[in-house]
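Heavy-atom basis, side chains included; hydrogens, waters and symmetry copies ignored.
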Amino acid sequence: MGDRSGRLRAVDLAATAGISVQQVRNYVDLGVLPPVERTPAGYRIFTAGHARALAVARRLAEGHGWTRTREIMAAVHRGDLPAALATLDAGHAELDRERAEIRRVLGAFETVVAAPPTAAPPTVAPPTAAPPTAAPAPRRGLRIGVVARLVGVRTSQLRLWEGRGLLRPVRERGTRYRVYDEAELRAAQVVALLRRGAYPFDIIAAVLDELRSTGSPQRVRAELARREQDLHRRSLRRLGGSAALHDYLSHRGLIG
């Protein structure tokens, strides 16, 4: 317990947050807690101000994470309010970018879903004279020239998209020709559709990843909705941490 002067021992402060005494000392060294005075015997003197700072730091960490929290609190305690606010703003900006990306991916996905379905690709017969050591060619598949005609782009465009990791055609053993199955033909059509809509490659990659991992439009929509709800929760936690910091700055007389 603290003494009548309002002083707290390190063990008392640690108990208020359920952490170790060593963590309290570390927080002082890192600037998460304000500087401490010492008794003539060298013992650290903690006060209600340190307890308040610790509570604020833990609230900040719930929304912003400990890395950013350490930066913010250290800046506050060394008197660099602009640096603290800049770090805080960077955290909120991250959520804004995530929210915008989710909406762009959802918009791109809805563009894909609204597109008319494509016909199944024709069957390509395996070569009649494959090298003796070559594996059998795919029983179903299209070579790059056929895919380019179906999609309405040049073969060089398909190679570019493959180089960016958007398309994943397999290679025939022996000939090394690219072979696209139905899924990769559909992926090429999705890329072409979204590029015509001026969507950037990172958004297109996100849409393709969702389609490949979930396999159905309903599951993609559900996954994006889940991510958006998670983002809302994180945003509220971050807002709560920022509000706690605002109160702390007011208490210390750093803002009006």
Side-chain angles (χ1 to χ4, degrees), residues 1-103 206 213 222-256:
M1 299 293 292
D3 61 26
R4 292 181 180 179
S5 66
R7 294 179 177 178
L8 296 171
R9 298 174 301 171
V11 66
D12 300 325
L13 187 59
T16 64
I19 60 177
S20 68
V21 171
Q22 185 58 51
Q23 283 179 291
V24 171
R25 294 170 181 155
N26 292 341
Y27 289 164
V28 173
D29 294 339
L30 292 169
V32 175
L33 299 181
V36 297
E37 297 180 2
R38 290 181 180 267
T39 67
Y43 293 107
R44 293 177 173 88
I45 300 173
F46 295 97
T47 67
H50 293 93
R52 182 179 295 109
L54 181 56
V56 170
R58 292 175 68 82
R59 186 72 187 277
L60 263 177
E62 289 177 2
H64 293 269
W66 273 109
T67 298
R68 182 166 283 117
T69 294
R70 286 193 293 267
E71 295 177 10
I72 293 171
M73 297 298 285
V76 168
H77 293 141
R78 68 173 179 265
D80 192 352
L81 183 58
L85 295 178
T87 304
L88 192 74
D89 291 344
H92 289 288
E94 284 180 359
L95 295 185
D96 181 63
R97 288 193 293 271
E98 286 187 49
R99 196 181 303 279
E101 181 175 358
I102 288 174
R103 289 174 178 169
S213 63
E223 172 62 17
L224 292 175
R226 185 196 63 78
R227 292 182 191 177
E228 193 165 32
Q229 287 301 313
D230 177 68
L231 185 61
H232 292 338
R233 289 189 290 269
R234 290 164 54 203
S235 182
L236 289 173
R237 289 197 300 268
R238 199 158 291 191
L239 179 62
S242 298
L245 178 66
H246 182 275
D247 291 344
Y248 184 66
L249 294 176
S250 298
H251 182 82
R252 291 177 65 88
L254 297 176
I255 60 176

I need the [X] [atom1] to [Y] [atom2] distance, nearest 0.5 Å.
X: N26; Y: I19; atom1: CG; atom2: CD1; value: 9.0 Å
X: I72; Y: T87; atom1: CD1; atom2: OG1; value: 6.0 Å
X: E228; Y: R226; atom1: CD; atom2: CZ; value: 12.0 Å
X: L224; Y: L231; atom1: CG; atom2: CG; value: 12.0 Å
X: R59; Y: L245; atom1: CZ; atom2: CG; value: 11.5 Å
X: R7; Y: D12; atom1: CZ; atom2: CG; value: 13.0 Å

Do you know the tightest heavy-atom contact between [X] and [Y]?
X: A10; Y: F46; result: CB-CE1, 3.6 Å
X: P34; Y: R252; result: CG-NH1, 3.9 Å
X: A57; Y: V32; result: CB-CG1, 3.7 Å
X: M73; Y: L60; result: SD-CD1, 3.8 Å
X: V36; Y: I45; result: CB-O, 3.8 Å
X: S235; Y: L95; result: CA-CD1, 3.5 Å

>> Does Q23, at its CD atom, have more than 12 non-hydrogen atoms belonging to other residues, nucleotides or ligands within less than 6.0 Å?
In response: yes

>> Can you tell me if H246 has over 12 outside heavy atoms packed within less than 6.0 Å of its NE2?
In response: no

> Less than 4.5 Å apart, any side-chain heavy atom of R234 and any of E94?
Replying inline: no

>> Measuring only between side-chain heavy atoms, which start at C-beta, is V56 closer than 4.5 Å to D247?
In response: no

>> Suppose the criterion is side chain to side chain donor-acceptor pair (under 3.5 Å): which pairs have a residue in residues 27-45, not counting sequence neighbours?
In response: none

> Can you check whether G91's main-chain N or O pairs, donor with acceptor, with R238's side chain at less than 3.5 Å?
Replying inline: yes

> Looking only at side chains, do H50 and T47 share a donor and an acceptor under 3.5 Å apart?
Replying inline: yes

>> Side chains of R237 and H64 only: does a donor on one sit below 3.5 Å from an acceptor on the other?
In response: no

>> Could you walk me through whether T16 and L8 satisfy the side chain to side chain contact (heavy atoms under 4.5 Å, CB included) test, starting with their C-alpha distance in whole Å, then the side-chain angles of each, then the deciding distance to 0.1 Å, before giving a yes or no?
In response: CA-CA 11 Å; T16 64; L8 296 171; 5.8 Å; no

